[in-house]
Every structure is written in structure tokens, then in C-alpha cells.
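Working notes, structure below.
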Amino acid sequence: MPFRYTSPTEVRPEMQDFVAYTPGLTIDEIRERYHLERVIKLASNENPLGASPLVQKTLREQAGTVFRYPRGGFGVAEEIARHHGIEPECVVVGNGSDELIDLLIRIRAVPGLHNVLGFKPCFNMYPVLAKLCGVEFRQVPLNEDFSFPLDALAASADDNTALLFVTTPDNPSGYCPSARALMDFAAKLPSGAFLVVDEAYMDFCDNEERHSVIPHLAELPNVGVLRTFSKSFGLAGIRLGYAVLPEPLAAAARKARSPFSVNILAEAAGIAALKDTSFREETLRITREGRVFLSAELKKLGFKVYPSQANFIMVKPPQGITAAALYTSLLERGIIIRQLKSGYELPDFLRITIGTHDENLCLTRTVEDILHA
Ligand SMILES: *Cc1c(COP(=O)(O)O)cnc(C)c1O
């Protein structure tokens, strides 16, 4: 018998009603639950093409090096800096963007004094990590069409606002404002506030140049950007993300960072993923084509489809079926999509990751069967 081990140890008050981030279901869970052979996962915005062949080859070759301590990710930070044409001093790598969100809150916000702002709904890691740091997280409701009320967000910032998090393209709606709109917004913030633009999905945009703030950062001392290798680079499982920050803030983040959070394999995989431009271009092409296809097909079936610049679309099912019922029917047939009732508090909406053409076709045909059953 495994032994039980309990104690009356107290945790911080913030932990008492703490709700953890809920990740999507895994393929194995659904295969077992419904005794299915084939399961398609369109729930976590992962790369539809899997892992780059160059990344896989590199990981096999580097397997023998794992007995060494990592170098802290500085090699991949240099390659990232080159990729964007910025100085390496401004790049901080982390164990997924999640680590960088946590770091930014911890190095900027004083618990009990400062506040952090975001929209409602927003990517759940921002409020979860702010709460864990004992920092107040304030939310401004999105417009009804899920566009950004940037003026309202600017008006909510005060002298104690340490950070604001804005995701663009947004999760879960896919809405994407212009870089110009965000630059004007940044100019209106109180002098102590720092805007973090989370560009996790920016490379899926039809026109990245018009939407990314990275090329403008030299003129934006109160703005930083988060990016990740989890989506278009196909490395969600290896945990690698980065922040582009003004030099002093980047230096503080590097000091506060856990020194080995980017492990040896993550660093090698990141460098290889940056090299494999054909894999990435193919990913972007398939995603953009699939986004047009899925949006059109689901509209034909009566769905409300929100315009998206990301690798997913947010939809509202037609009259006659609830989001929850459709979600469950799809699960039973081996297709996992994302319900938005927990975390985002949008029980009437669903989020669907763009898959390969076959996966997209399988989804639309299955939805059609369910609607006409
Ligand atoms: C997927 C996603 C990320 C990436 O997180 P990682 O920790 O790098 O995997 C960041 N922000 C948003 C809004 C996301 O949806």
C-alpha cells in the first residue's frame, strides 16, 4: 500500500480559493474514455504538422548531452535576437511564455500596492499568476464583438498600475488590432505602467508587419513583447518562450530567472526550429488556408464565426444545439475542441484550432452529421 502523508501546514491566503489553469484534454484520455482508435485534437493551438524534422534530428543527436547543466539559454536568445533584428541584451528566454509572465509580475509588481490590468476575458495565466504573486488583477470587459476597448483600458490604469497584458491576435477570439492602435494606446498610459503585448499567435497573421509592435519597440520604452515556440514552431512540449524588453527590464528579468529553466534540449530545439524555415512556412500556409476554409464551412452550417488572425477560430453554434452539447458530441466521435466556459467564462462559445486539411474536413463533416442527426 502506498502510504498517506498529511499535515496541517498552512498555505498563503491567496491559495485558499485558488483555481489552477486548466489545460486541454489529451488524446490518450479521450481514446480511453470513448474506446476510439483515431482521435483528432484541435483544442490547444498546437502545430498541425507536428514537430519539425530538423528539430527531431537535432534532439536525437543531442540526447547524449543531457547529463550536463544547461547554459541558460543564451545561445537561443542570440538566434532569436538575430531573427528579429534586435540586440540580444533585449531578449529573455524562459520555460514557455508562462515563466516570463510570472517573472514580469514578480519583478514589476509589489504585492498589496500595485495592480495589473487585462481584458475580460483574457488568457487565464495572467490572472492566475498575478493572484499567486499576491497582486491585484483588474479586468476591463471586451467590446461585445470581442474588439478591444483600448480607451477604457487606458482609463483604468492608475499610478499603481505596474503592468497591462494585451494578447494580439487575441485568445480566444482571434481579434487583432493594428500596431498603430497599440502604439497610440501605449502613449496614453500613466508613466509607471508597462504594457506587455503577448504576440503568441502573431506570425499567423495575414499581414504581420501591420500588426506586430516588435519593429516599433525602439520608439516604445514602456512596451515589451512576449512570443513563444509553442505554436508556429511546433515546440509546445519542450517549453520555450521569450520576451523582448527594454534593456534594464531584460537585465532584471535575467537576474530573477531560474538559471536553468531553459534546458539543454529546449535550447537546441529552439535553434533548430529557427533554422527550419521551410517547416515554418508550410505551417503558416496550411494554417492560413485552413482558417479560410474552416471559417467558410462553419458559416455555411449556420455558425457565427469571429474573424481570426490566429491559428484557431472562435465560434458560436447555430440555433438548436448548445456549445456544450456540440462539444460532447464531437468528443464522443473523437474530435477534441476547446470549451470556453471555464477560464474564459464564455459558455456559449467554442474555440477550434486550425488543423491539417484532412482534420478540418473531418471536423466539418462530423459537425454536419451531428447537426443533421
Ligand atoms: C499559447 C499561448 C501562450 C504560449 O504559452 P507557452 O507557455 O509559451 O506555451 C502565451 N500566451 C497566450 C495568450 C497563449 O494562448
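Just so you know, ligand 1 is whichever comes first in the structure, and atom 1 is the first atom listed for that ligand. What you are looking at is a predicted structure, and each value in this text was computed from that prediction instead of being measured.
- When ring centroids are compared, Tyr201 and Phe312 come within the 6.0 Å threshold.
- Ring centroids of Phe146 and Tyr175 are separated by 6.0 Å or more, keeping the two rings apart.
- Counting only residues at least two apart or on different chains, no salt bridge (Lys or Arg N to Asp or Glu O under 4.0 Å) pair has a member in residues 320-333.
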Show me the short polar-atom pairs for ligand 1: any N or O of it lying under 3.5 Å from a protein N or O, with distances only.
from	atom 1	to	atom 2	distance (Å)
ligand 1	7 (O)	Ser97	N	3.1
ligand 1	7 (O)	Asp98	N	3.2
ligand 1	7 (O)	Asp98	OD1	3.0
ligand 1	7 (O)	Asp98	OD2	3.3
ligand 1	7 (O)	Arg239	NH2	2.6
ligand 1	8 (O)	Ser97	N	2.7
ligand 1	8 (O)	Ser97	OG	2.8
ligand 1	8 (O)	Thr228	OG1	2.6
ligand 1	8 (O)	Ser230	OG	3.4
ligand 1	9 (O)	Ser230	OG	2.6
ligand 1	9 (O)	Arg239	NH1	2.9
ligand 1	9 (O)	Arg239	NH2	3.3
ligand 1	11 (N)	Asp198	OD1	3.4
ligand 1	11 (N)	Asp198	OD2	2.7
ligand 1	15 (O)	Asn171	ND2	2.9
ligand 1	15 (O)	Tyr201	OH	2.5

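- Clustering of Ile, Leu, Val, Met, Phe, Trp and Tyr side chains at separations under 4.5 Å places Tyr69 together with Phe260.
- The aromatic ring centres of His84 and Tyr242 sit less than 6.0 Å apart.
- Shown here are the side chain to side chain donor-acceptor pair (under 3.5 Å) partners of Asp145, two or more places apart in sequence or in another chain: Ser147.
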